[in-house]
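Predicted, not measured: the structure shown is a model, and the values here were computed from it. Scope of the values below: all heavy atoms of this structure, side chains included, with no hydrogens, waters or symmetry mates. As the structure lists them, so they are numbered: ligands from 1, and atoms in each ligand from 1.
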Amino acid sequence: MPLVPCRACGHTVDTSAQACPGCGATDPGRKISRQQRELRSLLVQLTVALLLFGGGAWYLWHEYMPTIKAALVKQNQG
Ligand SMILES: [Zn+2]
């Protein structure tokens, strides 16, 4: 059973405790770890999204830029 400091008062409580024995705060240990887990998954999702978006933009740029350039040149030549 891991012990963690209460988020409200710092009293050492079990992570599975429903309420802090020191101050009575609910989920004294779980709240912190859940927030950290959500923050971590958010960062992972953000990184994946950025990689996908960046990779997609890079691919589209190199895939369609010659076509766009050719079309513009053709247009300028009349
Ligand atoms: Zn407490």
Only distances under 3.5 Å count here; give the side-chain donor-acceptor pairs of residues 40-62 to other protein atoms, sequence neighbours excluded, each with its distance to 0.1 Å.
from  : atom 1 : to    : atom 2 : distance (Å)
Ser41 : OG     : Glu38 : O      : 3.0
Thr47 : OG1    : Leu43 : O      : 2.7
Trp58 : NE1    : His62 : NE2    : 3.2

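For Ala71, there are no side-chain contact (heavy atoms from CB on, under 4.5 Å) partners, not counting sequence neighbours.
In this structure, the separation between CD on Gln18 and CG on Asp27 is 6.0 Å, given to the nearest 0.5 Å. Annotation: the span from Ser16 atom OG to Leu3 atom CG amounts to 9.0 Å, rounded to 0.5 Å.
The set of protein atoms (N, O or S) found at less than 2.8 Å from the Zn ion (ligand 1) reads Cys6 SG, Cys9 SG, Cys20 SG, Cys23 SG, by chain and number.
Side-chain contact check for Pro5 versus Thr12: every heavy-atom pair is 4.5 Å or farther apart. His11 has its side chain out of reach of Cys23: every pair of non-hydrogen atoms, C-beta onward, lies at least 4.5 Å apart.
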